[in-house]
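Have a look at the structure below before the remarks.
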Amino acid sequence: ESTSTSKKDTATLRNERESEGFIFEQLVMSMDEKDLMTALHFCRDWNSNAKHCHAAQTFLAALLRTRTAEEIAAVPAAAEILAGLATYSDRHLSRLDRLTRSTYLLEFALQSMGALVDEVIGEDDDDEEEDELTDDDEKKQEFQVEKGARGGKE
């Protein structure tokens, strides 16, 4: 059940990202050289902060998908801005890589704890089964006593 939920969540996120990318692509295609320069300056500023880097990276991806290298090079100070974007993009990539590796460690720890929990629950189930057998035995004994009290007649 959790796997199907996570697949749905993944599909939903993928669709949202694709629609965001489409919106950014439409926006970038409508920009002239001056607008691109202004947007690249904002993008560099957004990218310098981890809180806003996702918007910057989405814009940058849309820019690289919709514009040729020549069009981007024609933007004044594009080389300087893109160099600044590359530096922070490398930092964000490293941070995401560390986070991803941490999730693997967390998943391993949780799976290990789940195995321990399953073992403990399994032991508790055994105890309950023994209790149930004891209850059944008591019922049989009571029946035998009642049967004996009636002289073995049923």
Side-chain angles (χ1 to χ4, degrees), residues 1-140:
E1 189 175 334
S2 64
T3 305
S4 64
T5 303
S6 64
K7 285 181 182 179
K8 288 178 185 176
D9 293 340
T10 303
T12 302
L13 288 173
R14 185 176 298 125
N15 289 338
E16 287 175 2
R17 280 191 221 124
E18 288 173 4
S19 65
E20 286 174 0
F22 179 73
I23 292 169
F24 272 97
E25 286 174 8
Q26 296 295 318
L27 180 66
V28 170
M29 287 190 298
S30 69
M31 292 179 165
D32 62 13
E33 192 175 294
K34 182 182 175 195
D35 293 335
L36 281 176
M37 183 182 74
T38 303
L40 279 172
H41 280 286
F42 281 118
C43 186
R44 181 187 58 195
D45 294 341
W46 296 333
N47 200 43
S48 65
N49 184 338
K51 185 176 181 178
H52 305 293
C53 70
H54 303 292
Q57 291 296 317
T58 303
F59 172 80
L60 188 58
L63 175 70
L64 295 173
R65 279 194 303 268
T66 58
R67 297 297 181 120
T68 64
E70 292 80 22
E71 290 175 317
I72 296 170
V75 175
E80 176 189 315
I81 295 169
L82 292 175
L85 281 167
T87 303
Y88 281 104
S89 294
D90 286 341
R91 290 180 188 176
H92 297 309
L93 182 62
S94 296
R95 181 176 47 83
L96 290 174
D97 185 49
R98 283 191 312 273
L99 288 171
T100 302
R101 281 187 272 133
S102 296
T103 63
Y104 293 138
L105 178 62
L106 179 61
E107 182 178 358
F108 173 75
L110 289 173
Q111 284 178 349
S112 297
M113 284 191 279
L116 292 174
V117 169
D118 290 342
E119 288 176 15
V120 170
I121 290 173
E123 291 172 8
D124 289 345
D125 289 345
D126 293 342
D127 293 341
E128 288 175 13
E129 288 175 14
E130 289 173 10
D131 291 343
E132 289 174 12
L133 290 176
T134 304
D135 291 342
D136 287 345
D137 290 339
E138 288 176 2
K139 288 177 185 176
K140 286 178 186 176

With rounding to the nearest 0.5 Å, note down the distance linking [atom1] in [X] to [atom2] in [Y].
X: Leu27; Y: Leu63; atom1: CG; atom2: CG; value: 10.5 Å
X: Gln57; Y: Leu85; atom1: CD; atom2: CG; value: 7.5 Å
X: Met37; Y: Phe42; atom1: CE; atom2: CZ; value: 10.5 Å
X: Leu40; Y: Glu80; atom1: CG; atom2: CD; value: 11.5 Å
X: Gln111; Y: Leu106; atom1: CD; atom2: CG; value: 10.0 Å
X: Thr103; Y: Arg98; atom1: OG1; atom2: CZ; value: 13.5 Å

How close do [X] and [Y] get, heavy atom to heavy atom, and via which atoms?
X: Cys43; Y: Ala56; result: SG-O, 3.3 Å
X: Cys53; Y: Asn47; result: CB-OD1, 3.7 Å
X: Ala50; Y: His92; result: CA-CE1, 3.8 Å
X: Val75; Y: Glu33; result: CA-CG, 4.1 Å
X: Phe24; Y: Ala62; result: CB-CB, 3.6 Å
X: Asp45; Y: Ser48; result: O-OG, 2.6 Å

query = Checking side-chain contact (heavy atoms from CB on, under 4.5 Å) for the pair Leu64/Leu60: CA distance, chi angles, key distance, verdict?
reply = CA-CA 6 Å; Leu64 295 173; Leu60 188 58; 4.3 Å; yes
message = Main chain of Val28, side chain of Arg67: is a donor-acceptor contact present, judged purely on distance under 3.5 Å?
response = yes
request  = Could you tell me whether Arg101 sits above the aromatic face of Tyr104, with NZ or CZ closer than 6.0 angstrom to the six-membered ring centre and within 45 degrees of the axis?
outcome  = no
